[in-house]
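Labels below follow one simple rule: chain letters A, B, ... track the order of the sequence lines, proteins then strands, and each chain is numbered from 1.
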Number of protein chains: 2
Amino acid sequence: MKEKELHIDGIDKVILKHLMNDARTPILGIAREIGISGAAIHQRLRKLEASGLISGSKLIVNPKVLGYNIVAFIGVYLDAASKYSSALKRLKEIPEVVESHYTTGNWAILVKIVCKNNEHLLKLLNQDIQLIKGVARTETFISLDQQINRQIKL
Amino acid sequence: MKEKELHIDGIDKVILKHLMNDARTPILGIAREIGISGAAIHQRLRKLEASGLISGSKLIVNPKVLGYNIVAFIGVYLDAASKYSSALKRLKEIPEVVESHYTTGNWAILVKIVCKNNEHLLKLLNQDIQLIKGVARTETFISLDQQINRQIKL
DNA sequence: AGTGAAATTTCCGCTCC
DNA sequence: GGAGCGGAAATTTCACT
């Protein structure tokens, strides 16, 4: 998928910085700011897409408005590493699970979940996650304050 | 910020599902699929923006193309909870830190970082994070396999 | 790689149903 | 709450440098 070495110069960085902040920023506005034509920006974007650096764009929704007020991380211990793929399959079916990582260290899986309140969290733990075959026990870490949420710097 | 109860009907869900997947999906394409006019979609989007449900859109870049191959979580123990805000300030200055949560449980802060390789990770730990005033010790969990990365279901 | 202009598509305020 | 119209603006392609 990656053949060409990609050279990201200062202009590319300006373009990407704008679009990483708001994917719907008009190309022509960026063009005027930089001082090159809209077509040139378009060409650069096509190149960056082809290189795989741009992997898409997403509309970001605020979970709080839907009543999802709690973010928590759950460390999941498996009784055998071989249970990973089947457990993962079940985790994918739980919509509140928004991230899942197979990790080195204490537990086997680190899961990030979003839920509405404490009862909801308890229900997820007791009736969903801990009932998955292979899950031995879990450790829960509730995020009381998320102050950093960004992408890697260019 | 939130005054009106927001009613998200099936049409809103279809619109949001498209845009959450690709924020640059043409509105008119969605309009044709649903069978209403483009202007109607615009009206709904404005309403959803005003409600705060839509908090923006972002271009997603693939860190691997930039050579960032490792994702890790770091549990940070503070020697006193009062050091949180000063430690957070320093964490914000480390570009490889992409998430930071103040958490209940074992440690005080859970940090997500992206880095290029093991040396880079070691450098971040020894020369950046563990030098922050108030940081007692850290636990590192490297993500070997991230299989879920999504937003909350509507 | 960048430009300028043409062709196409989208956006968005407006009026009407 | 949605449709249809129309002008303004943005996107996208292309020939040329």
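Rounding to the nearest 0.5 angstrom, the gap separating the CD1 atom in A:I41 from the CZ atom in A:R32 is 10.5 Å.
Among residues two or more places apart in sequence or in another chain, the side chain to side chain contact (heavy atoms under 4.5 Å, CB included) test is passed with A:I11 by A:D9, A:I15, A:I34, A:I36, A:R44. Under the rule for a side chain to side chain contact (heavy atoms under 4.5 Å, CB included), the partners of A:H42 that lie at least two apart in sequence or sit in another chain are A:R46. The side chain to side chain contact (heavy atoms under 4.5 Å, CB included) check on B:S57 picks up A:D22, A:A23, A:R24, A:L59, B:A23, with sequence neighbours excluded.
Between the P atom of C:dT3 and the CD1 atom of A:I41 lies a distance of 9 Å, rounded to the nearest Å. Spacing between atom NE2 of A:H7 and atom P of C:dA1 amounts to 11 Å, rounded to whole angstrom units. What separates CD1 of B:I8 from C1' of D:dG1 is a distance of 17 Å, to the nearest Å. Regarding B:D9, its CG atom lies at a distance of 10 Å from the P atom of D:dG1, rounded to whole Å. Regarding A:D12, its CG atom lies at a distance of 13 Å from the C1' atom of C:dG2, rounded to whole Å. At whole-Å resolution of the value, CD1 in B:I36 and C1' in D:dG2 are 8 Å apart. Rounded to an integer number of Å, the gap from NZ of B:K47 to P of C:dC12 is 17 Å.
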Hey, what are the protein-to-nucleotides 9-17 of chain D N/O distances that come in under 3.5 Å?
from, atom 1, to, atom 2, distance (Å)
D:dT11, OP1, A:I27, N, 3.2
D:dT11, OP2, A:I27, N, 2.9
D:dT11, OP2, A:L28, N, 3.4
D:dT12, OP2, A:H42, NE2, 3.1
D:dT12, O5', A:H42, NE2, 3.4

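Rotation axes derived from the C1' atoms of the five outermost pairs at either end of the helix from C:dA1-D:dT17 to C:dC17-D:dG1 lie 30° apart, to the nearest 10°.
At least one side-chain heavy atom of B:K123 sits under 4.5 Å from a side-chain heavy atom of B:D128.
There is a side-chain donor-acceptor pair under 3.5 Å between B:Y84 and A:D145.
Here B:F73 sits in one hydrophobic cluster together with A:F73, A:Y77, A:W107, A:L110, A:F141, B:Y77, B:W107, B:L110, B:F141; the rule is ILVMFWY side chains under 4.5 Å apart, joined directly or through other members.
Residue B:I132 is tested with B:L91, B:T138, B:V76, B:I109 for a side chain to side chain contact (heavy atoms under 4.5 Å, CB included); the sole match is B:L91.
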